[in-house]
Each structure stands twice: as structure tokens, then as C-alpha cells.
S.K.: 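Just passing along the structure, written as C-alpha cells.
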Amino acid sequence: MDIAETKAKYAEEREKRLRSDGNDQYFRMAENFEEYLDDPYVEIEQRETKSDHVDVAFVGGGYAGLVTGARLAELGVTSYRVIEKGGDFGGTWYWNRYPGAMCDTASMIYMPLLEETGHMPREKYARAPEILEHCRRIATQYDLYDKALFHTRVTELRWLEESQVWQVKTDRGDAFTAQFVVVGTGPLHVPKLPGIPGLDTFNGHSFHTSRWDYSYTGGDAEGALMEGLTDKRVALIGTGATAVQCVPHLSAACKKIYVCQRTPSSVDVRSNESMNADWYSEKTNEPGWQKTWMENFTKNMSGASDGVDLVQDGWTDLARRFLGKIAQLPVEERGDVVKMMEAYESSDFEKMDEIRGRVDEVVSDVETAEKLKAWYRQLCKRPCFHDDYLQSFNNASTVLLDTDGKGVERITEGGIVVNGIEYPVDCIIYATGFEIGTELIDRAGFEMIGREELSLSDYWKNGMRTLHGISVHNFPNAFRVQPTQAANFIANVPHNIVESAKTIAMIINHVRASGFQTIEATKEAEDDWQELLSGSMQMLADPSCTPGYYNNEGQPLPDNAVGYVGHPEGAMAYFKFIDGWREAGDFEGMSVS
Ligand code: NDP
């Protein structure tokens, strides 16, 4: 297929999937389906309510809360409290224990604090149990366990002007104060259900992949055979990154597994390998190696590579190809944006052609293979990597129910309806992802009230405003760990987390060491930062892409999305800037009192 034909096919497939309800097509669990949010992993323990004072309260016990706690502990700040809705540390890795869950980013750059903890990842791509264990290792090493309130949701953060502290209220009746608050709840922490008619009428068993019910399926997160499914017919709805990882396990266990597909994922080679101890010790003998590795990956992914690719995987492959194409251009054309975009486009077509070719090589049934091919540019949707997913469709147990972009039609008391045919099933598993395009405050589940009763939703009603993506004028002593208005387009999210944690810990340490009570972004500095950002590209992908959460489900961005941008020169420019800013030690643009 030539490029023009491929483009026409991409447009045709996109058209089938566009729908006017965008993000509203999904059901919010907290509204009518609360039981899907229950924690199947850890029992809720009774505890005393807290009404005391801490130096720092952190909302979220994932990587952000762990690394910030570690950095603060290194600086001697130990009066720290983490408020976490799960029953342990780990965040996404606490919840996502579905069989086959693993990290799609190389563990050398994805698992934070490897140097500090001395942990050597067991494989190039770590599996979920190892990552959860690493989270617990960090919490233990930095003494964070007795500082955590698990199974607790923050309901409000309110600045108390008189006492110059934050009041933290929770759904467990806590009402304590903190000099500083930090929010690091991650972008994908609210699971969602598909808006399929009849979902609430199903009489069989059902759950979301982020609340895997091993008491029903048998097996475990380490990948033991799910013996509870050997006599069961199961429907899995969704074929995103989660489904790609759990389908091989369902395929091995179920009597019948119906994989319900609306849009195929692009599934490239995984090639996981055990970590070689000699290689690892050679690569990690220089202090600061992990920072070097993280920066190298981010440089490669943002097209700013210096020609060295330490990680060498499917993520950097696209960047390598792109740079290869640029190198083939005549010297005078190498800075030409149009030529560069053409080079990028042609490497993408090549890559996607290979990925589609791989489906033909692996899947025996020609019709099934055709339906598993992804017709869009690779970064329109989250790229996937797996060596057993496509192979599963060669098993007699595994049936692909492709819906040609329409989705599952209906759910009945006894099964699912696809393309007019009812398939009776015992269990439905929703691999339908997490809220992302919804209002930030709705998703967070709590409001922040700053100076003079100003709420964060009001302050941001016309768009997000921050200084460096970290602090907000009118909200003193409050920080956020997240990439928007900072590194933004970042494939390795932990890179942003470790940098933000360091910045926040240094700011807090500065305030305390200098005997101040508050620090706050000034209006002028925040305005200047917005001015700098105004020239940058919006965070969401190409609107001509097939719908998905990368492009707001193909819908125009809401008016208040103006702030979804990053440093105009990219992630590495931001990291370089913020490093210089914090090392200067005067925290320019923030006022203290
Ligand atoms: P996604 O949002 O990526 O996928 C949801 C799936 O549900 C899509 O295939 C979607 O189809 C499908 N779907 C939605 N509604 C319907 C319907 N009515 N009928 C049929 N299908 C439907 O969720 P995931 O949980 O797979 O992944 C979420 C994110 O989590 C990833 O993008 C990634 O960032 C992260 N993740 C990371 C991993 C890692 O290795 N670090 C592993 C797994 C996930 P459609 O595409 O048409 O919308």
C-alpha cells in the first residue's frame, strides 16, 4: 500500500470510530457503579482519626508520594504524611495486579531510586509484582509506612489564613493540619466503565482489570494458571495496553475467551530478557547513572538525541528511524520543518507497516489477522509491545469479536451482544481504561481552597495556571507532581516525578531552613511562565488520529484546555531549566513570608 492509500484507509477507519459524546460515552463508577471500585486486595482496617499537625501532607502513595518522601527524608524532613486511597503504597501498581501486568518502559529508567535502594531489576521490563515490591522497598527504606493513612481519600484541602497552614479533611473523619501539601495522584487513577446499554442487567460475575478478582478467577499476579476459569466463558471488553498484557493468561485459562475489540492496538515485539548481573554492574558503576539513563531516553524520545541510545527498545526505535531519515536529507534541508515532518511521517508509515506485517506472520487465521491490524499512526494511541498477545488468537479458546469500530452493542442478563449476535458468558472483564479527559477536580475527588476562599476550580476555570507546573499563585505552600506546564510530552513519566520531587523537597527545605512560614508563586512569575508556554504545542495528539484518550476522543478540546502545554523547547529543556532554577537556591518567582 502506498502512502496516499494508507492515509485514506486511516481516515476511513477514524471516521467509523468518531462519536459526538466523546468522554461522556463512559460510565463513572463513583456515580452508579461504586461496587466496582471496592478494593479486592487488602482489608480496610479501623484506626483512630487524625487531628494533629504534620510538616508535609502528600496526597497519593504512588511513585510521586514515595520519591518526594524519600527526597524530604534525605533533607531531614521526617514529619510527613501520605494519604492514599489504596491499602498500601504503589499507586497504579497497587491497583493493577491483573495477570501479565508489567511495565512497558525499561526498568532501568522506570523504577525510581535504583541507586539509592541498590535494587537490580530482574528483567529489562519489570513485572507488576516486582514493581509493587520496589514501592514497598522504598517505603520501608525511607520509613514511610508509619506515616501513611491507607484506604483514605482526601475530601478537601483548605488554607487557613489565620494559622498559615493547610487543613486536610478525609473520608475517614480526619481533620489535621500541615504546613505544606503536595498532590501527586497520577493521571490514570479513576477506572471507567464503557457506556454499553444493559451493563447493569448482567447477572454473571464482572469486574474491572484494575480490581482483578483472583478469588473468582484463581491464579495470582505472578501468572499462575487461573484455574477458576477453566470451565468459564469470559468476555474481555477492550483491547488497549491492559488487555494486550492479560489476554495471553486468559487464553491459557478460560474455556472460552471472547476478546471484544473496538480499535486494534499496535503490538510490536517485546523481547524481554533477564537482567545480566555483569552487564548491570558495568552500566551502573558511575554514581548518577540512572539520571544519565533517564535523560538519554527522554532526549531520544524528544528527537534531541546525541546519537547514543542506551535503552534501545521499541520506544526509541521510532526516534532512531526518524533521525536516520533526517541524516539522509541533503544538509541544507535538515532544519526544514516540512521536510522533517515528512521524514517523521515516512518512518511512522514504515514502522506501522512492519507492525501490521507481524500480525500476518503470527496469526494463522487470515480473517482474524486482518481485523487485528491497526490503521493509524503509531502515536495516535498508546503503542503496545508483547510476544504472546497475537499468538493467543491461534488458540482454540480465544475468539476475537471485532466490532468494526462500533463497540459492544448491548449487555444482557446472560451475555454480550456483538454485531447482532448474543454470546452467553459467565463473566465480563472490563479492560476499558481510566478517566483522563474529565474535569481535573471531579477526577481528583476533592477541592483545594486557597487564599480568600478561592477554589482551584475557580482559579483554573479558564485554564490551568502554574509556575513551572509545580506551584500556583494564591495557593501558598502547595505543590503538584505532574507533567503539564512542565516536561509535558514525556514517555517515561517517572523521569518527571523524580525531578519534581527533588524540586519540591528543595523548596520546602529552603523555607524551613530559612525560618520562613510560607512560600508562594508570585502573580508576575506565573504570568511570565504562561507567556513562555503560550508558544508551545497543545498536549493532545493530532486531531486527525483515530479517537482515544491521546486526542480527547477525537473531539475539539474544551476552552479551558489552553493550559495543557509544556515547555516550548521540550522535556529536556524544562529539566535543564528547573535544575538551574532550583540549584540557584533563591527560588526566583516565589515569595516567602
Ligand atoms: P485504554 O483506555 O487504553 O483502553 C480501553 C479499551 O476499551 C480500548 O481498547 C477501547 O476501545 C475499549 N472500549 C471502550 N469502550 C468500548 C466499548 N463500548 N466496546 C468495546 N470496547 C470498548 O485502557 P488500558 O487499561 O488498556 O490502558 C490505559 C493506560 O494505562 C495505557 O494507555 C497506558 O498508559 C497505561 N498502561 C500502562 C502499562 C505499562 O506497561 N506501563 C500497562 C497497561 C496500561 P477504543 O480504542 O476504540 O477506544
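Computed from a predicted structure; not experimentally measured. Order of appearance sets the numbers: ligands from 1, and atoms from 1 within every ligand. When a residue number appears, it is its place in the shown sequence, counting from 1.
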S.K.: By number and element, which atoms of ligand 1 are closer than 4.0 Å to a non-hydrogen atom of Pro194?
M.R.: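 Answer, ordered by atom number: 15 (N), 18 (N).
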S.K.: Quick one: does any side-chain atom of Thr298 pair with a main-chain N or O of Met572 as donor and acceptor, under 3.5 Å?
M.R.: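 No, Thr298 side chain to Met572 backbone: no donor-acceptor pair under 3.5 Å.
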S.K.: With a 3.5 Å distance limit and no angle check, can you tell me whether Asn272 reaches the backbone of Tyr125 through a side-chain donor-acceptor pair?
M.R.: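 Yes, because the side chain of Asn272 sits within donor-acceptor range (under 3.5 Å) of the backbone of Tyr125.
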S.K.: Spell out, as yes or no, whether a donor-acceptor pair under 3.5 Å connects the side chain of Asn300 to the backbone of Thr316.
M.R.: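 Pair absent, no side-chain N/O of Asn300 close to backbone of Thr316.
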S.K.: Check this for me - ligand 1, Ala241, N or O atoms closer than 3.5 angstrom, yes or no?
M.R.: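 Yes.
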S.K.: Could you establish whether Cys103 and ligand 1 come within less than 4.0 Å of each other, counting only heavy atoms on the residue side?
M.R.: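 Yes, that is the case, since the closest heavy atom of the residue is under 4.0 Å from the ligand.
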S.K.: First locate atom CH2 of Trp212, then atom CZ of Arg97, and finally report the distance between them rounded to the nearest 0.5 Å.
M.R.: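 Between Trp212 CH2 and Arg97 CZ, I get 14.0 Å after rounding to 0.5 Å.
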S.K.: So is Tyr430 in contact with ligand 1, going by heavy-atom distances below 4.0 Å?
M.R.: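 Distance cut 4.0 Å: Tyr430 fails for ligand 1.
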S.K.: Between Asn496 and Tyr574, is a side-chain hydrogen bond (donor to acceptor under 3.5 Å, both in side chains) present by the stated rule, with each step listed?
M.R.: CA-CA 10 Å; Asn496 187 68; Tyr574 173 76; 5.6 Å; no
S.K.: Who are the salt bridge (Lys or Arg N to Asp or Glu O under 4.0 Å) partners of Glu499, not counting sequence neighbours?
M.R.: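 Checked Glu499 against salt bridge (Lys or Arg N to Asp or Glu O under 4.0 Å); matches are Arg582.
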S.K.: Please step through ring pair (Phe, Tyr, Trp, His ring centres under 6.0 Å) for the pair Phe27 and Tyr36, ending with a clear verdict.
M.R.: CA-CA 11 Å; Phe27 290 144; Tyr36 281 92; over 10 Å; no
S.K.: Does at least one non-hydrogen atom of Tyr376 fall below 4.0 angstrom from an atom of ligand 1?
M.R.: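 No; Tyr376 lies far enough from ligand 1 that no heavy-atom distance drops under 4.0 Å.
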S.K.: Test of understanding: given a 4.0 Å heavy-atom threshold, classify the contact between Ile196 and ligand 1 as side chain, backbone, both, or neither.
M.R.: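 Under 4.0 Å from ligand 1, Ile196 contributes side-chain atoms alone.
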S.K.: Within a distance under 4.0 Å of any heavy atom of Phe434, pick out the atoms of ligand 1 and give their elements.
M.R.: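 Result: 25 (O).
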S.K.: Under the criterion ring pair (Phe, Tyr, Trp, His ring centres under 6.0 Å), I'd like the reasoning laid out for Trp315 against Phe385: C-alpha separation, chi angles, the key distance, then a yes or no.
M.R.: CA-CA 10 Å; Trp315 292 103; Phe385 307 90; 5.4 Å; yes
S.K.: Carefully, step by step, assess Tyr10 and Phe349 under the rule ring pair (Phe, Tyr, Trp, His ring centres under 6.0 Å).
M.R.: CA-CA 11 Å; Tyr10 285 6; Phe349 281 122; 5.6 Å; yes
S.K.: Thr242 versus ligand 1: do any nitrogen or oxygen atoms come within less than 3.5 Å of each other?
M.R.: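 By distance alone, the answer is yes.
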S.K.: Test your reading of the structure: does Met102 have an N or O sitting under 3.5 Å from an N or O of ligand 1?
M.R.: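 For ligand 1, there is an N or O atom that lies under 3.5 Å from one belonging to Met102.
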S.K.: For atom 35 (C) of ligand 1, what is the closest protein heavy atom, and at what distance to 0.1 Å?
M.R.: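 Looking only at protein heavy atoms, the one closest to atom 35 (C) of ligand 1 is Leu188 CD1, 4.2 Å.
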S.K.: I would like to know whether Tyr549 and Asn23 meet side-chain hydrogen bond (donor to acceptor under 3.5 Å, both in side chains); could you show each step before the answer?
M.R.: CA-CA 8 Å; Tyr549 78 79; Asn23 284 305; over 6 Å; no
S.K.: Which is it for Ala101 and ligand 1 at heavy atoms under 4.0 Å: side chain, backbone, both or neither?
M.R.: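 The answer is neither.
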S.K.: Which of the numbered atoms in ligand 1 are below 4.0 angstrom from a heavy atom of Gln245?
M.R.: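 Under 4.0 Å from Gln245, ligand 1 has these atoms: 40 (O), 42 (C).
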S.K.: Among all protein heavy atoms, pick the one closest to atom 4 (O) of ligand 1 and tell me residue, atom and distance.
M.R.: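 Here the nearest protein heavy atom works out to Gly240 CA, 3.8 Å.
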S.K.: Do Arg262 and ligand 1 have an N or O pair less than 3.5 Å apart?
M.R.: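 Yes, at least one N or O pair falls under 3.5 Å.
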S.K.: With no hydrogens and no angle check, is any side-chain donor or acceptor of Lys256 less than 3.5 Å from a backbone partner on Ala235?
M.R.: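 Side chain of Lys256 to backbone of Ala235, a donor-acceptor pair under 3.5 Å: no, none is there.
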S.K.: Any N or O of Gly407 that comes nearer than 3.5 Å to an N or O of ligand 1?
M.R.: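 Min N/O separation from ligand 1 is not below 3.5 Å for Gly407.
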S.K.: What atoms of ligand 1 come within less than 4.0 Å of a heavy atom belonging to Tyr549?
M.R.: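 Ligand 1 atoms under the 4.0 Å threshold to Tyr549: 29 (C), 31 (C), 32 (O), 33 (C), 34 (O).
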S.K.: Return yes or no for this condition: an N or O of Thr263 is under 3.5 Å from an N or O of ligand 1.
M.R.: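 N/O-N/O distance under 3.5 Å: yes.
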S.K.: What is the minimum heavy-atom distance between Ser271 and Asp387, and which atoms define it?
M.R.: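 Heavy atoms of Ser271 and Asp387 come nearest at N-OD2, 2.8 Å.
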S.K.: Is there a donor-acceptor pair closer than 3.5 Å between any side-chain N or O of Thr284 and the backbone N or O of Tyr280?
M.R.: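 Such a contact is found between Thr284 side chain and Tyr280 backbone.
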S.K.: Got the closest protein heavy atom to atom 19 (N) of ligand 1, with its distance?
M.R.: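 Residue, atom and distance for the closest contact: Val408 N, 3.1 Å.
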S.K.: Would you check whether Asp104 has a nitrogen or oxygen atom less than 3.5 angstrom from a nitrogen or oxygen atom of ligand 1?
M.R.: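 Min N/O separation from ligand 1 is below 3.5 Å for Asp104.
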S.K.: Checking contacts here: is it the side chain or the backbone of Tyr98 that comes within 4.0 Å of ligand 1, counting heavy atoms only? Could be both or neither.
M.R.: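 Tyr98 to ligand 1: side-chain contact only, backbone stays beyond 4.0 Å.
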S.K.: Taking only heavy atoms of Ile237 into account, list the atoms of ligand 1 that are under 4.0 Å away from them.
M.R.: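 It comes down to these atoms of ligand 1: 19 (N), 20 (C), 21 (N).
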S.K.: Which ligand 1 atoms, with their elements, are less than 4.0 angstrom from a heavy-atom of Lys381?
M.R.: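 Those qualifying, in numeric order: 45 (P), 46 (O), 48 (O).
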S.K.: Give me the nearest non-hydrogen protein atom to atom 5 (C) of ligand 1 as residue plus atom name, then the distance to 0.1 Å.
M.R.: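 Sorting protein heavy atoms by distance from atom 5 (C) of ligand 1 puts Ala431 O, 3.4 Å first.
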